[in-house]
2 protein chains.
Amino acid sequence: MSDLLERLRDRGWRLTAQRRVVAEVLDGDHVHYTADEVHARAADRLPEIARATVYNTLSELVALGEVLEVSTDGRAKRYDPNARHTHQHLVCSRCGTIRDVHPTGDPLAALPEQERYGFAIAEATVTYRGVCPNCNDS
Amino acid sequence: MSDLLERLRDRGWRLTAQRRVVAEVLDGDHVHYTADEVHARAADRLPEIARATVYNTLSELVALGEVLEVSTDGRAKRYDPNARHTHQHLVCSRCGTIRDVHPTGDPLAALPEQERYGFAIAEATVTYRGVCPNCNDS
DNA sequence: TCTTGACTTAGACAAAGTCCAATGTAGAGT
DNA sequence: ACTCTACATTGGACTTTGTCTAAGTCAAGA
């Protein structure tokens, strides 16, 4: 994700301090922050950054396909910078921790033609839910 | 779902007019209402029913395993009375329409042991996304 | 360095859901 | 049938998450 900023500039993005900071916060492969968490971490480096700017920047990154939106629980959406390699998510039903996982096979193949009701299906997302080792101990 | 009320009474539920109306709204197999839609439909029959009551009742039905919570889009959760037969969902990315679908095989089996990170995994939910025939025409 | 259109800001607004104190009532016990 | 009380409901305030807008700011091309 270190060359993200170059890729964005190539696409005509105006490179502002705010956007740089948001991109830096999302740097790292196994991170699944909410918009507010991104905002808090961005504000550590750039205290006056506005919530709206974080929301705007995240939406742009999602539209550009650089970041994935993940909503596992009907609460705040989370943002996943690991958009290059398709993967699924494993969520702890107690503490909410999220891990990237890689199931075998293609989930799309499991849906027979007569179960597609004429939809042009583009993707399948799988969410595994269970209790993580940490929460299991207590 | 017609014997739902008996099952609930057997479990010690107090049978109030409000709960009866919420259960009746959810009767029917291919229904995926939001809490507010449930509230609106319940209010047709029982105008003074409070939003909080609908939320309470829905949460109880979910806790009892009689109704499933589905959050496909990070917006309002939807409530699915078809909790007896496991199934997955197919969602139109334009209009949001939801259909129940039945993929072959067990998605849990696709996650290898070394990808489980010690979690005690309880379930896998699959969401297929695509454009429905209706939206494809326009 | 000047200019300009794109970007950011603060705060109001909106949607979805939770919480609480006051009030009402289903059903057990008589 | 009547009473009692624990449980359920109500309405409204509140919280969380996210969107919108008008006014100000600034990156980058000329």
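Sequence lines set the chain letters: A, B, ... in the order given, protein chains first and strands last, and positions in each chain run from 1. Because the structure is a prediction, the values reported are computed rather than measured.
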(message) How close do A/Y128 and B/I121 get, counting heavy atoms only, and between which atoms?
(response) CB-CG2, 4.2 Å

(message) Restricting to non-hydrogen atoms, name the atom on B/D73 and the atom on A/K77 that form the minimum distance, rounded to 0.1 Å.
(response) O-CE, 4.2 Å

(message) The criterion is side-chain hydrogen bond (donor to acceptor under 3.5 Å, both in side chains); which residues satisfy it with B/R20, sequence neighbours excluded?
(response) none

(request) For A/R129, enumerate each residue passing the side-chain hydrogen bond (donor to acceptor under 3.5 Å, both in side chains) test, keeping only those at least two apart in sequence or located in another chain. (result) B/E123

(message) According to side chain to side chain contact (heavy atoms under 4.5 Å, CB included), who are the partners of A/I98, at least two apart in sequence or on a separate chain?
(response) A/H32, A/T72, A/R78, A/H89, A/V91

(request) Could you tell me which residues satisfy side chain to side chain contact (heavy atoms under 4.5 Å, CB included) with A/R41, sequence neighbours excluded, listed by chain and number? (result) A/V25, A/Y33, A/E37

(request) Apply the side-chain contact (heavy atoms from CB on, under 4.5 Å) test between A/L90 and each candidate in A/T97, A/T127, A/V101; give the one that qualifies. (result) A/V101

For nucleotides 22-26 of chain C, which of its nitrogen or oxygen atoms have a protein nitrogen or oxygen under 3.5 Å away, and what is each distance?
{"from": "C/dG24", "atom 1": "N2", "to": "B/R14", "atom 2": "NH2", "distance (Å)": "3.4"}
{"from": "C/dT25", "atom 1": "O2", "to": "B/R14", "atom 2": "NH2", "distance (Å)": "2.8"}
{"from": "C/dA26", "atom 1": "O4'", "to": "B/R14", "atom 2": "NE", "distance (Å)": "3.3"}

How many whole angstroms separate atom [atom1] of [X] from atom [atom2] of [N]?
| X | N | atom1 | atom2 | result |
| --- | --- | --- | --- | --- |
| A/K77 | C/dA15 | NZ | C1' | 12 Å |
| B/E60 | C/dG17 | CD | C1' | 15 Å |
| B/E69 | C/dA16 | CD | P | 15 Å |

(request) May I ask you to decide if B/R19's main-chain N or O and B/T16's side chain share a donor-acceptor pair within less than 3.5 Å? (result) yes

(request) Ignoring hydrogens and angles, tell me if any N or O in the side chain of B/H87 forms a donor-acceptor pair with the backbone of B/H85 under 3.5 Å. (result) yes

Ignoring hydrogens and angles, write down the donor-acceptor pairs under 3.5 Å from the side chains of residues 45-56 of chain B, residues two or more places apart or on other chains.
{"from": "B/R45", "atom 1": "NH1", "to": "B/E24", "atom 2": "OE1", "distance (Å)": "2.3"}
{"from": "B/N56", "atom 1": "ND2", "to": "B/A52", "atom 2": "O", "distance (Å)": "3.4"}

(message) The criterion is salt bridge (Lys or Arg N to Asp or Glu O under 4.0 Å); which residues satisfy it with B/R99, sequence neighbours excluded?
(response) none

(request) Under 4.0 Å from any atom of DNA chain D, heavy atoms only: list the residues of residues 33-42 of chain B that qualify, in numerical order. (result) none

(request) Output the distance between atom CZ (A/F119) and atom SG (B/C92), rounded to the nearest 0.5 Å. (result) 5.5 Å

Which donor-acceptor pairs under 3.5 Å do the side chains of residues 102-114 of chain A make with protein atoms, sequence neighbours left out?
{"from": "A/H102", "atom 1": "ND1", "to": "B/E115", "atom 2": "OE1", "distance (Å)": "3.4"}
{"from": "A/T104", "atom 1": "OG1", "to": "B/A110", "atom 2": "O", "distance (Å)": "3.3"}
{"from": "A/D106", "atom 1": "OD1", "to": "A/L108", "atom 2": "N", "distance (Å)": "3.0"}

(message) Rounding to 10°, can you tell me the angle the first-five-pair axis of the helix from C/dT1-D/dA30 to C/dT30-D/dA1 makes with its last-five-pair axis?
(response) 30°

(message) Side chains of B/L58 and B/E69, heavy atoms from C-beta outward: is any pair under 4.5 Å?
(response) no

(message) For DNA chain C, which residues of residues 45-54 of chain B approach it to below 4.0 angstrom with any heavy atom?
(response) B/R51, B/A52

(request) Could you list where the contact with chain A starts and ends along DNA chain D, reading 5' to 3', using a 4.0 Å heavy-atom cut-off? (result) D/dT16 to D/dA28

(request) Apply the side-chain hydrogen bond (donor to acceptor under 3.5 Å, both in side chains) test between A/R11 and each candidate in A/E60, A/E66, A/E6; give the one that qualifies. (result) A/E66

(message) Please tell me if B/Y55 has a side-chain N or O lying less than 4.0 Å from either OP1 or OP2 of C/dG17.
(response) yes

